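Chain naming here is simple, since letters A, B, ... match the order of the sequence lines and numbering starts at 1 in each. Atom set for the values below is all heavy atoms of this structure, side chains included, hydrogens, waters and symmetry mates excluded. Bear in mind that the values here come from a model prediction, so they are computed numbers and not experimental data.
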Number of protein chains: 2
Amino acid sequence: MPTAPRSLTARERARVEFTRDIKEAARRQLAEHGAAGISLRGVARDIGLVSASALYRYFPGRDALLTALIADSYSSLGDAAEAAAAPDAEVQDGAPDPGDHLGRWVAVCHAVRAWALAHPHEYALIHGSPVPGYTAPAETTEPGTRVPFLIGGLFARAAQDGAYRPLDRLPVPADAHRALLPLLGRLPDGIPDHLVVAGLTAWTYLFGAVSFEVFGHRANIVDDQRAYFDHEVRRLGVLLGLGPVAADGGRPSGQGA
Amino acid sequence: MPTAPRSLTARERARVEFTRDIKEAARRQLAEHGAAGISLRGVARDIGLVSASALYRYFPGRDALLTALIADSYSSLGDAAEAAAAPDAEVQDGAPDPGDHLGRWVAVCHAVRAWALAHPHEYALIHGSPVPGYTAPAETTEPGTRVPFLIGGLFARAAQDGAYRPLDRLPVPADAHRALLPLLGRLPDGIPDHLVVAGLTAWTYLFGAVSFEVFGHRANIVDDQRAYFDHEVRRLGVLLGLGPVAADGGRPSGQGA
DNA sequence: CATCGGCGAGAACACTGTTCTCGCTCGATG
DNA sequence: CATCGAGCGAGAACAGTGTTCTCGCCGATG
């Protein structure tokens, strides 16, 4: 544990400030030219440095700078998603309703999608091809778990409320259960397999859909991407058991009644 | 319009052969060092050229070479997927059964996953962050449609056989229907909306799951990735209506009986 | 006040993609 | 078969890149 914040020295304050400036300039370059367009010399120029060599006092290299951007992007995305899931967040045209698990799921999906569309290059950084090496640096894994845990919590709350009713009865096979042991070990005891599978499935689908749209795989296929996205994630929520079980397919008649 | 294939001249034959050699060398570099590690000078060295400038006689630039690799990768993936879906393909431990739509869907999924794991950098090239510009070059779009069309055909055949029974009854809203018009226009008439949505959903999920695994987002989360993948895609197939509707959740009792 | 550690500048090295020019050579053609 | 020239590879050059190293300088610290 780092020492208590006993008032940083002036040098240290200047250092963290400069580190922040560097990351900001890099993020600007990222937003404009993409990850491949981030050049240390360009970053140095942006913040008034003549030579890029000074940057090495703050980051051991370009990859480390990228890693820092990845971690920040995960945090930014996590913030956006959690804000959408907060108990007092506005569910789409309607008052907040703590029992509307499907609506909250859809809201989180829209938040993730909106963040990705607003920051396509940052999204590509965290969910595109891993650029630097092949293994994600350790400091990026923790912020990267926020969205999946948020989604998992959504399903857990629905189950607590007795509102979780998946539309199939397919049991989780023994080998799939064993495959999930690493995750189950980090979760509170007593969570049934199928609930974990539901969370993973929802998480996987959400980022599949967002990636397809951001990376252009749906151009010329879907026109009004937002409308289609809304339908697909809502339907997935219903299939996975978050939804109103109404067989007529409509949303609940009354507003949260 | 290019002349009929009236026996290429020796020069032309040598040219296509050399073009193939260049792409092979580039693909080797891609497999080893990733897309960012493909250098024209390295490719030139690999095929016995002293200078990289000669490559510009065959490709207008690095991006064009990458584009060619993308198109080839799509074709390679399409081949693998279509082979798995072929009528005489072995369905997982069992004789081919033309009525086993769920088994065929799962087989296609495993084929896509296996190809991606065997060619991770090529997979990253086609389903990771778009590297060169932002819009996919036209010549890559056609081979890129083979897998989604294959999956769509799977659902269409299941519907023809009367075996398509989605587990929900959520109607496709009017705005989502309108969003699908670009795609519906390129499909035979009379295909119901929900069938198209099912195909898109299956396609989206498949590549979400494969991307998560290939890009390492499931490390430390899922152990036996193949077992979990098998379960998740099988379950999605059931939810989307390809599956045995048996409420006990098991596979059909007899083998294709 | 003296000193020493952290800092930025700048040169240097090994790369990269791309362009241009210059001979040469081999294949198409008369 | 002989000749001509189109197509080709080599090589230099330019503008970049990440990274390393050294050299002063300046200010915070003892």
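Partner of E213(B) under the salt bridge (Lys or Arg N to Asp or Glu O under 4.0 Å) criterion, chosen from R113(B), R226(B), R218(B): R113(B).
As rounded to whole Å, 13 Å separates atom C1' of dG16(D) from atom CD of Q29(A). Spacing between atom CG of D63(B) and atom P of dT16(C) amounts to 16 Å, rounded to whole angstrom units. Distance R13(A) CZ to dG27(D) P: 16 Å, rounded to the nearest Å. Between D21(B) atom CG and dG9(D) atom P the separation is 11 Å, expressed in whole Å. Straight-line distance from the CD1 atom of I47(B) to the P atom of dC8(D): 13 Å, rounded to whole Å. Here the P atom of nucleotide dC7(C) and the CG atom of L55(A) are 12 Å apart, to the nearest Å. Atom CZ of F18(B) and atom P of dC8(D) are 10 Å apart (whole Å). The NE2-P distance, from H33(A) to dG16(D), rounds to 13 Å in whole Å.
Heavy atoms of other residues, nucleotides or ligands lying less than 6.0 angstrom from CG of N220(B) number 12 at most.
Checked against dT18(C), dT16(C), dT17(D), the side chain of S39(B) finds its nearest nucleotide in dT16(C). Among the nucleotides dA10(D), dA9(C), dC7(C), the one closest to any side-chain atom of L49(B) is dA10(D). Each of dA9(C), dG9(D), dG8(C) was ranked by its minimum atom distance to the side chain of R57(B); first place goes to dG9(D). Here dT19(D) is the nucleotide among dT19(D), dA10(D), dA9(C) with the atom lying nearest to any side-chain atom of R62(A). Looking at the side chain of L40(A), the nearest of the listed nucleotides dT18(C), dG18(D), dT22(D) is dG18(D). Among the nucleotides dA10(D), dT19(D), dT18(C), the one closest to the side chain of A52(A) is dT19(D). You'll find that the side chain of A54(B) is closest to dG9(D), out of dG10(C), dG9(D), dG17(C). The side chain of R45(A) lies closest to dT17(D) when the candidates are dC22(C), dT17(D), dT19(C).
Ionic pairing of R28(B) and E32(B) is not present here: no N-O contact between side-chain nitrogen and carboxylate oxygen is shorter than 4.0 angstrom.
A centroid separation of 6.0 Å or more is found between the aromatic rings of H217(B) and F207(A). Proximity of the aromatic rings of H127(A) and Y123(A) is defined here by a centroid distance below 6.0 angstrom, and this criterion is met.
Put simply, the side chain of H231(A) never gets that close to the backbone of A176(B): no donor and acceptor are under 3.5 Å apart. Remark: the backbone N or O of D72(B) is not paired with any side-chain donor or acceptor of S76(B) at under 3.5 angstrom.
Residue contacts for R41(B): at a heavy-atom cut-off of 4.0 Å it reaches a base atom on one of the strands shown. Nucleic acid contact for F59(A): none, since no nucleic acid atom lies under 4.0 Å from a heavy atom of the residue. Within the nucleic acid shown, I38(A) comes within 4.0 Å of sugar-phosphate atoms alone, with no base atom in reach, counting heavy atoms only.
Between the side chains of Y205(B) and E232(B), at least one donor-acceptor pair of N or O atoms lies under 3.5 Å.
Each of Y56(A) and V50(B) has a nearest nucleotide on DNA chain D; the 5'-most of these lies closest to V50(B).
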Could you list all N or O pairs between the protein and nucleotides 27-30 of chain C that sit under 3.5 Å apart?
from	atom 1	to	atom 2	distance (Å)
dG27(C)	O4'	R11(B)	NH1	3.4
dA28(C)	OP1	T9(B)	OG1	3.3
dA28(C)	OP1	A10(B)	N	3.0
dA28(C)	OP1	R11(B)	N	3.4

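The base of dG10(C) is paired with the side chain of S51(A) by a donor and an acceptor separated by under 3.5 Å. The base of dG7(D) is not paired with the side chain of R15(B) by any donor and acceptor separated by under 3.5 Å. Taking 3.5 Å as the limit, the base of dG11(D) and the side chain of S53(B) contain a donor-acceptor pair of atoms between them.
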